[in-house]
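The next block holds one structure in the form of structure tokens; read it before the comments.
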Amino acid sequence: MDRLRALEVFVEVVKRGGFARAAEALDTSPANVTRYIGDLESHLQTRLLNRSSRKMSLTASGEALFERAKSILDDVAEAEAIVSSVTLQPHGVLRINAPLSFGVLHLAPLWAKFMRLYPAVRLDVSLIDRVVDIVEEGYDMAVRIARAGSIANVARKLATSQNVLCASPDYLRQRGMPRTPADLLQHDGIGYSYAANADDWPMLDASGQPQTVKMPCVMHTNNGDTARAAALGGLGVIWQPTFLVGADLRAGRLQRVLPDYRMPDMDVLAIYPSRRHLSAKVRVMIDFLVQELAGTPPWDRTA
């Protein structure tokens, strides 16, 4: 008896709720499915399924085996995918989703280098600020910006970006430099529509104590570049990541506000549908981005 095949048949029978549907999914005959289940039960010397003409259910032994068998089959599939991704040349269309500002500033300069390394891969890059369902919308992977530690599954961390409060020097000369979070209530904010915390701006003081300010915002936008442009124009205070405003801070076009207070960091993540069957083209892209963004990320480098 091919025990691995028998486990595959058993799992399919349970998932499909019957022998005939399992046979159809496995492209085999119901008789073969029945034989595999019978051989497996004989080998284990226990009944796995309670069967009647109208209903099928798992025995206690069947329930225990089902969960373990699924895990075993997943591990086998992952091992095969890893070997395939190492031995197969990455090729084909790679559909990537990324946030607009980050994609333009920090990913677009990398695509030519990647395609020189992997000429058989063709890129289809879509820049959208909203969070997409990569499976439903047909993406192979996405680059996503999320609050540090908020996403753990099927994601690989590429880099970290600090969030900072900042405003233009002209605005701060006219309105004064805030000294405490409470001082922000006397200022104009520029809010980011997709922020999970809306206009509640959280921060930690030097001792690690949290404070939150309900920021009075005179403008909202769903695009970080628009918020940055408004701040450069002297409209108010923004809370944005250094990957967007780092160059402005270094050039003096924007100035840190409340530099002794720390905002929650942001993780730059590669998101993909599943660790199982990760294609060669997705694997090499993720490894490439990890290498390019390693160490001090480009938005925080001084040279």
Problem set entry | Verdict with supporting geometry, Leu184 and Leu165, side-chain contact (heavy atoms from CB on, under 4.5 Å) | CA-CA 10 Å; Leu184 290 172; Leu165 293 172; 4.0 Å; yes
For this session: Would you check, one step at a time, whether the test side-chain contact (heavy atoms from CB on, under 4.5 Å) holds for Lys70 with Val14?
Result: CA-CA 11 Å; Lys70 282 196 304 179; Val14 177; over 6 Å; no
For this session: For Asp183 and Arg175, run salt bridge (Lys or Arg N to Asp or Glu O under 4.0 Å): C-alpha distance rounded to whole Å, both residues' side-chain angles, the deciding distance at 0.1 Å, then the answer.
Result: CA-CA 11 Å; Asp183 292 343; Arg175 301 290 296 271; over 6 Å; no
Problem set entry | Check against side-chain contact (heavy atoms from CB on, under 4.5 Å), Asp129 and Tyr192 | CA-CA 11 Å; Asp129 279 337; Tyr192 183 60; 4.2 Å; yes
For this session: Show your reasoning for whether side-chain contact (heavy atoms from CB on, under 4.5 Å) applies to Leu49 and Phe19.
Result: CA-CA 11 Å; Leu49 298 165; Phe19 284 44; 4.0 Å; yes
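Of the possible donor and acceptor atoms, none in the side chain of Ser61 sits under 3.5 Å from a partner among the backbone N and O of Thr46. No donor-acceptor pair under 3.5 Å is formed between the side chain of Arg95 and the backbone N or O of Ile134. Judged by distance alone, the side chain of His187 and the main-chain N or O of Val237 form no donor-acceptor pair under 3.5 Å. For Asn97 (side chain) and Ala142 (main-chain N/O), no donor-acceptor pair under 3.5 Å exists by modelled atom type. Listed for the Ser193 side chain is a donor-acceptor partner under 3.5 Å among the backbone atoms of Thr221. Judged by distance alone, with hydrogens and angles left aside, the side-chain atoms of Tyr171 form a donor-acceptor pair with the main-chain N or O of Asp188 at under 3.5 Å. Remark: the backbone N or O of Leu269 is not paired with any side-chain donor or acceptor of Asp267 at under 3.5 angstrom. A donor-acceptor pair is defined here as one N or O able to donate and one able to accept, closer than 3.5 Å; no such pair exists between the side chain of Arg16 and the backbone of Arg21.
Put simply, CE on Met141 and CD1 on Ile286 are 5.0 Å apart, with the number rounded to the nearest 0.5 Å. Rounding to the nearest 0.5 angstrom, the gap separating the CZ atom in Arg5 from the CG atom in Leu73 is 10.5 Å. Put simply, CH2 on Trp299 and OG1 on Thr160 are 8.5 Å apart, with the number rounded to the nearest 0.5 Å.
Residues Arg51 and Ile37 meet the side-chain proximity criterion, which asks for heavy atoms closer than 4.5 Å. Within the 4.5 Å cutoff, side-chain heavy atoms of Pro202 are placed close to those of Trp239. The closest side-chain heavy-atom distance from Leu65 to Leu44 is below 4.5 Å. Two residues are said to be in side-chain contact when any heavy atoms from C-beta on lie closer than 4.5 Å; Gln240 and Arg228 fail this criterion.
Around atom CD of Glu41, more than 12 heavy atoms belonging to other residues, nucleotides or ligands sit under 6.0 Å away. Environment of CZ in Arg256: crowded, with over 12 heavy atoms of neighbouring residues, nucleotides or ligands closer than 6.0 Å.
Under a 4.0 Å N-O distance rule, the pair Asp260/Arg179 does not qualify as a salt bridge. Between Glu292 and Lys113, at least one side-chain nitrogen of the basic residue sits less than 4.0 Å from a carboxylate oxygen of the acidic one, meeting the salt-bridge criterion.
Asp205 and Ser207 share a donor-acceptor pair across their side chains, judged by distance under 3.5 Å alone. A donor and an acceptor atom, one from each side chain of Thr212 and Asp200, are nowhere located under 3.5 Å apart.
Here the closest non-hydrogen pair linking Ala167 and Gly236 is CB-O, 3.7 Å. Shortest non-hydrogen contact noted between Leu185 and Lys214 is CD2-O, 3.5 Å.
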